[in-house]
Amino acid sequence: MPELPEVETVRRGLAPVMEGMRITAVEQRRADLRAPFPERFVERLRGQRIDRLTRRAKYILVGLDGGETLVLHLGMSGSFRIDEETPGQFHHPRSNNPSHDHVVFHLSNAIRVTYNDPRRFGSMDVVRTAELAADPRLSQLGIEPLGADFNAQALARVCAGRSTPLKAALLDQRLIAGLGNIYVCEALWRAKLSPWRGAGAIARKDGTPGLRARRLAEAIGAVLAEALEAGGSTLRDHRLANGALGYFQHHFAVYDREGSPCPRAECSGIVARVVQNGRSTFFCPVCQR
DNA sequence: ACACTATCCTGCAGGC
DNA sequence: TGCCTGCAGGATAGTG
C-alpha cells in the first residue's frame, strides 16, 4: 500500500479536481471492500459539496458541506483515476483492470474519480465530522511524522521503555502514524540503526532523546520528504499521460534490494532480508547497528 | 498492557 | 505452456 508519501500524493492529486465541486452521482459497485460500506453510502454523498481534502496518517479525509466526512483508506492496492466524463473510456495497461473499479464519483465539473482496488484491503466510510476526532481509527493514531510536533523528543517519548524491535515500533501506527514497511526500512538504514534494536534503546533512561533518537527522527523526516518530492514529480508527469494516482517509482536504498551492495559509499555490506512480525525487513547488517 | 499470529484478497514472479 | 508456491506498500481480531 501506499504509505504516507503516496497517500499524500494522492490527496494532492485529488484536491484540485474535487475541492469545491459537488458530487452529482456515486456508483457503488459492490457491498464491501475490506469492510462493508456504511449505510446509505451513496445517498449520503450525493448532492454534497466537497469542502477540503485533508490527510491523517494514511487516511484521506474528504470534508462535505453537510457535516459529514468521507474517510478513505487505500489499503495495499487502492488507487484513484481521474478522467473526463466522456463516453470513450480508455484502459490503462495492467493494474487498472476495470473489474476492480469499485466506486466511481461523478463530480459537478464533469470529472469522474474512480477507485480501483484489486485486493480490496482499502476502505470507505462516512462519519459525522463532529465525531471524526473521536473515531477509533483516527483517535488511536500516534504522531504525524511530517507534523510540526514531530522531533527526536517526541520519537524518544513513544519509544521509551519498549523492548519491541525498532522495526515493529516504527510500523505501529499508534506510536508513529504513516510509516509502512518500505519507509521504515529506508529510515532505519539512513539512521544506521539495526531493525532488531530494542525501541527503548534510542531513548535515554529518563525518556529524553539521545544521539540515536535524533538520527532516527532526522532520517524519518528526510526519507518521507524525498519520497514526497518523487511523488510530486510523478504527479506532474502522470497528469499529462493519464489520471492514475496511487503509486510512483522511487529508488530505494535497501527496500527490495536483497543481495545488492549497501549504497553507502564507505560501507562494504550486502543488503539482507529477514522477516520480522511476518513482514520483510531489508537492511545492511554492516552499517546498521 | 503488550506482543505476536493469522487473515482478508488478487496479481505476479519464479521454479519446475 | 501451465501449475504451484510464496510473496506483496495494511489493519485488525484473536491468542497467549
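This is a predicted model, so every value here is computed, not measured. Below, each value reflects all heavy atoms present in this structure, side chains not excepted, and no hydrogens, waters or symmetry copies. Just so it is clear: chains get the letters A, B, ... in the order the sequence lines come, proteins before strands, and each one is counted from 1.
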What's the [atom1]-[atom2] distance between [X] and [N], to the nearest Å?
{"X": "A:Leu245", "N": "C:dG9", "atom1": "CG", "atom2": "P", "result": "21 Å"}
{"X": "A:Asp117", "N": "C:dG10", "atom1": "CG", "atom2": "C1'", "result": "11 Å"}
{"X": "A:Arg279", "N": "C:dC7", "atom1": "CZ", "atom2": "P", "result": "13 Å"}
{"X": "A:Lys167", "N": "B:dC4", "atom1": "NZ", "atom2": "C1'", "result": "14 Å"}
{"X": "A:Arg120", "N": "B:dT7", "atom1": "CZ", "atom2": "C1'", "result": "14 Å"}
{"X": "A:Asn277", "N": "C:dT12", "atom1": "CG", "atom2": "C1'", "result": "14 Å"}
{"X": "A:Arg119", "N": "C:dT12", "atom1": "CZ", "atom2": "C1'", "result": "15 Å"}
{"X": "A:Leu171", "N": "C:dG9", "atom1": "CG", "atom2": "C1'", "result": "11 Å"}

Are any of [X]'s side-chain N or O atoms less than 4.0 Å away from OP1 or OP2 of [N]?
{"X": "A:His73", "N": "C:dG10", "value": "no"}
{"X": "A:Arg273", "N": "C:dA8", "value": "yes"}
{"X": "A:Gln173", "N": "C:dA11", "value": "yes"}
{"X": "A:His100", "N": "B:dG11", "value": "yes"}

Look at all strands and tell whether [X] reaches a base, only sugar-phosphate, or nothing, counting heavy atoms closer than 4.0 Å.
{"X": "A:Gly180", "answer": "sugar-phosphate"}
{"X": "A:Ser280", "answer": "sugar-phosphate"}
{"X": "A:Arg34", "answer": "base"}
{"X": "A:Tyr255", "answer": "sugar-phosphate"}

Hey, is A:Phe121 stacking on C:dA11? Ring centres under 5.5 Å, planes under 30°.
no
Which base sits across from C:dC7 as a Watson-Crick or G-U pair, both distances under 3.5 Å?
B:dG11
Complement of B:dC4, any strand, by Watson-Crick or G-U distances under 3.5 angstrom
C:dG14
So does A:Glu43 have more than 12 non-hydrogen atoms from other groups sitting under 6.0 Å from CD?
yes
Any chance CD of A:Glu258 has more than 12 other-residue heavy atoms, nucleotides or ligands included, within less than 6.0 Å?
yes
Take the angle between the ring planes of A:Phe105 and A:Phe80 and call it parallel below 30°, perpendicular above 60°, tilted in between.
tilted
Determine the interplanar angle of the A:Tyr183 and A:His250 rings, folded into 0 to 90°, and report it as parallel if under 30°, tilted if 30 to 60°, perpendicular if over 60°.
tilted
B:dC12 and C:dA11, which share atom name C1', separated by this distance in whole Å:
23 Å
Can you tell me, in whole Å, how much space there is between the C1' of C:dT12 and that of B:dG11?
23 Å
Does A:Ile60 share a hydrophobic cluster with A:Val17, counting links as ILVMFWY side-chain heavy atoms below 4.5 Å and allowing steps through other members?
yes
Is the Lys NZ or Arg CZ of A:Arg264 less than 6.0 Å from the centre of A:Trp189's six-membered ring, within 45° of the axis?
yes
